[in-house]
Structures are given as structure tokens and as C-alpha cells.
Amino acid sequence: MVPRVVFGRGSFDQLEEILTPKRESTKSPFVFLLDDVFKGSSLEHRIPLSGSDRIIYINSLIEPKTSQVDAIRDQIKNSSEVLPSGIIGIGGGTVMDLSKAVALMLTNPGSSENYQGWDLVKHRAVFHVGVPTISGTGAEVSRTTVLTGPEKKLGINSDFTTFDQVVLDPDLTVGVPLDQWFYTGMDCYIHCVESLTGTYLNAFSQSYGEKAQELCDEVFLGNSLSDEVMRDKLMMASWHGGMSIAYSQVGVAHAMSYGLSYLLGTRHGVGNCIVFNQLEEFYPEGVRQFRKMVDKHGVEIPTAVCANLSEDDFNTIINVSMGMVPLWENALGKDWKDIITPQKLRGMYEKM
Ligand code: NAD
Ligand code: ZN
């Protein structure tokens, strides 16, 4: 679990107070990974830089890659004689994941692709802090960092991955475009549905999942909330949804959306929406509510993304998806392969 967290509008300004005692020496900088959407913004000017601290801008249009993590790690190591005092990620799930991965790779040898999997990390990461600026993925709270490597899209799952400190300031999510707000918010809603209907469900995942789902219902189907309160609630929903899947697992939508993302580069939030929209068979009530949310907010969910795929493409996408064993097992139980065959998946993808 994340050991330290602050929550509240304006809490970003506590960053200096949080970081100062963590500085290892005057030579050891804090490195801020900042979503480049904030380049030149008032938020950038509020970053408490001192000494040799610096900012590395991250373009979130592409989801994190192992090669990118390795390159940022090398850039940081080459520019300073000593390890940084900390890595601070300010942005969405993309920046959260990159920050966690870079912090890990500063203390673990070799390429990040060698650590994609479960509990392969040997050494504690450098101190790392997450400051989300969009709500939904739960990446701020999870023990994974999802990376696309040369062979697979898979997280570095370990106890060392989790942030040491998180700053939850809902004001930072002002300005997220409507579509993106919805797609990333739906990631949270889908986490809840997949966790609460899964076979891995337990008392912890249930209590976090129910709270997150209740908050999502208020945010996406309620009528009387102010924008400020909606931002507060969605940030809390993201946290609770992330905690719910930390104690259980995601399901069919994520297993299939990983395939889309690997082959077509489809981003996580919208990919989940494309898939979830076609999953009445598995999540009838969840999909019914989801469609109400789509209608209420007038957001378009892309269709026909698999219309022009070749045989090879279908084989790739199906293989990636079928490789997500724990997700299928959570969704459908140990005998999931009796239900999910390559032919069945092909038919499902063809509808997307
Ligand atoms: P994102 O980080 O990819 O950002 C989406 C877009 O929103 C970007 O263009 C970004 O610049 C913009 N943006 C972010 N904050 C903004 C703001 N305040 N104002 C204006 N624009 C803003 O989006 P995401 O959906 O949060 O993250 C997706 C990533 O998270 C994927 O890489 C996915 O694999 C990962 N993920 C990780 C976990 C985990 O547990 N580690 C869980 C789910 C998803
Ligand atoms: Zn997700």
C-alpha cells in the first residue's frame, strides 16, 4: 500500500514541505517527470525546484515503453554523479507509470523489460512520489507500472513499485478535455465492475470496489454535483477502484483491451470503453449503466476499430489477450478456456 497520502484542493503546494526532508544531499536532485501538457503553465511554476533539481517533460500521447523507461533512466544517471533524491511524477496514468518504472530502474540493473512480470524486482526503488492530474486509472495507488516491451505489454508488479507518497489535489484535474475525462473515468468504473463480479472477490476488494462504484454513479449519473465536488469524488473513486483491483484483479474488458493496445496502440481508457461496450454477455448490468453514462455525457465510443485487421493481426491480438491468464481466471473461473477459445475471441473482436 502507499504509506503516505495527502488529499485536498490546493494540496499540491505541500510538495515542498514533503520533499525537503527527503533530500539526500545538495548534489542529489529531485527529478520531476511532468506531462508536457503543463509546459509553461502555472502548475509548472508552482513546482518547488531547488539546486540541481530538474524537470523532464513527458508526452503522454504514447503509452509508456520499456525502451523509454531505460532511456530516461540513462539520461538521469548520465547527468548526475549521484542517484537522485527522488522522482516525482505529475500527470496521468502514463506519467504515474513512467515515474514508478524510472524510480525502480535507477536501482535495478539492466533493462526494464527484464522485470515485466510478478515480483522480479530485487532492490528498493529511489523515493518516488505520484501527483495525478486526471482521475480514473488508479495508477497512483497500484503496485504495478504497465509497460509495452518488445515482446509484451505487461506490468512490473512488485512491492517496490508502489509510490512512497501520493499527493491528491483534485484542482489539478481542471482542464481535462471531456472525452479524456470520460474515458479515464470509465477505466475506474470498469475496474469496479470487473472486480466486484470476479471470482477473486474478497472482503477488501469488495469494500473498496463498492465505494468506488457508488462514487462513479454519483459522478457520471448524478445531477446536482458542482464541478469541484465531481473532481473530488472522481479522484477518490480512482483511488478506491485501484485499491479494489489491488486486492483482486480486472477481467474481460482489460484482457481484450490489452490486445487492442498492443496491436493498434489504442490508449487504455478509450480501449476499455470500446471493448466494454460489447460485453453484455459477461457484464449485463455494468454495460447497461455504462451506456447510460455514455448517453448522458454525449461521448462517442469508437467502433469498427478491428474492421481492417489481417489474419496475422487477429492472431496477434488474440494471443496477447489469451495470455492474460489471471484476468480471465478472475472473470470466468479456473475453467475459463472452456468459454474463451480463439474462435470466440475472434468473433468478439470482429464486433469492435
Ligand atoms: P494519460 O496519462 O495517458 O493522459 C491522457 C491525456 O490527458 C494526455 O493527453 C494528457 O496530456 C492529458 N492530461 C492529463 N492531465 C491533464 C490535465 N489536468 N489537463 C489537460 N490534459 C491532461 O491518461 P490516463 O488514462 O490517466 O492513463 C493511461 C495510462 O495509465 C496507460 O498507459 C495505462 O496503461 C496506464 N494504467 C496504469 C495502471 C496501473 O495500475 N499502473 C492502471 C490503469 C492504467
Ligand atoms: Zn484499467
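Both counts, for ligands and for their atoms, begin at 1 and track the order of listing. Note that these values count all heavy atoms, side chains included, but never hydrogens, waters or copies made by symmetry. Throughout, numbering of the chain's residues begins at 1 and tracks the sequence. In this text, all values refer to a predicted model and were calculated from it rather than measured experimentally.
Both the backbone and the side chain of V176 come within 4.0 Å of ligand 1, judged by heavy-atom distances. Residue contacts with ligand 1 for R267 involve side-chain atoms from C-beta outward but no N, CA, C or O (heavy atoms, distance under 4.0 Å). Under 4.0 Å from ligand 1, the heavy atoms of L172 that appear belong solely to its backbone. Contacts between F38 and ligand 1 below 4.0 angstrom, taking non-hydrogen atoms only, involve the side chain exclusively. Neither the backbone nor the side chain of S261 comes within 4.0 Å of ligand 1, counting heavy atoms alone. In S60, the parts holding a heavy atom less than 4.0 Å from any atom of ligand 1 are both the side chain and the backbone.
Considering only non-hydrogen protein atoms, atom 42 (C) of ligand 1 sits nearest to T137 O, 3.3 Å. At the shortest separation from atom 15 (N) of ligand 1 among protein heavy atoms lies T133 OG1, 2.8 Å. The nearest heavy-atom contact from the protein to atom 38 (C) of ligand 1 is A139 CB, 3.7 Å. Among all non-hydrogen protein atoms, the one lying nearest atom 22 (C) of ligand 1 is V37 CG1, 4.0 Å. For atom 31 (C) of ligand 1, the nearest protein heavy atom (residue, atom name, distance) is E63 OE2, 3.2 Å. With hydrogens left out, the protein atom closest to atom 36 (N) of ligand 1 is D97 OD2, 3.7 Å, a heavy atom. Among all non-hydrogen protein atoms, the one lying nearest atom 7 (O) of ligand 1 is Q180 CG, 3.5 Å. For atom 25 (O) of ligand 1, the closest non-hydrogen atom of the protein is T184 OG1, 2.7 Å.
Within ligand 1, counting atoms from 1 as listed, the ones closer than 4.0 Å to a heavy atom of H268 are 31 (C), 33 (C), 43 (C), 44 (C). With ligand atoms numbered from 1 in the order given, ligand 1 contributes 19 (N), 20 (C) to contacts under 4.0 Å with heavy atoms of G175. Numbered from 1 in the order shown, with element, the atoms of ligand 1 that lie under 4.0 Å from a heavy atom of T144 read 39 (C), 40 (O), 41 (N). Annotation for ligand 1: atoms under 4.0 Å from non-hydrogen atoms of S142 are 39 (C), 40 (O), 41 (N). Below 4.0 Å from some heavy atom of D187 lie the following atoms of ligand 1, by number and element: 43 (C), 44 (C).
Below 3.5 Å of separation, one finds an N or O of G93 facing an N or O of ligand 1.
Counting only N and O atoms by type, the side chains of S195 and S248 include a donor and acceptor under 3.5 Å apart. Checked by atom type, the side-chain pair D179/H297 shows no donor-acceptor distance below 3.5 Å. T184 and Q180 share a donor-acceptor pair across their side chains, judged by distance under 3.5 Å alone. For the residue pair S85 / S28, a side-chain donor-acceptor distance below 3.5 Å is found, with atom types taken as modelled. Of the N and O atoms on the side chains of S261 and K153, at least one donor lies less than 3.5 Å from an acceptor on the other residue. Y208 and Q213 are not linked by any side-chain donor-acceptor pair at a separation below 3.5 angstrom, with hydrogens and angles left out of the test. There is no side-chain donor-acceptor pair under 3.5 Å between D119 and S158. Between the side chains of S60 and R267, not a single donor N or O lies within less than 3.5 Å of an accepting N or O. N157 and T144 form a side-chain donor-acceptor contact under 3.5 Å, judged by distance and modelled atom types alone. When only modelled atom types and interatomic distance are considered, E63 and T148 share no side-chain donor-acceptor pair under 3.5 Å.
In summary, no N, O or S atom of C188 is located under 2.8 Å from the Zn ion (ligand 2).
Residue contact annotation: G269 has no non-hydrogen atom under 4.0 Å from ligand 1.
A donor-acceptor pair under 3.5 Å is formed between the side chain of Q116 and the backbone N or O of L147. Between the side chain of K100 and the main chain of S142, a donor-acceptor pair closer than 3.5 Å is present. Listed for the H123 side chain is no donor-acceptor partner under 3.5 Å among the backbone atoms of F160.
Between the Zn ion (ligand 2) and the N, O or S atoms of D187, the shortest distance is to OD1.
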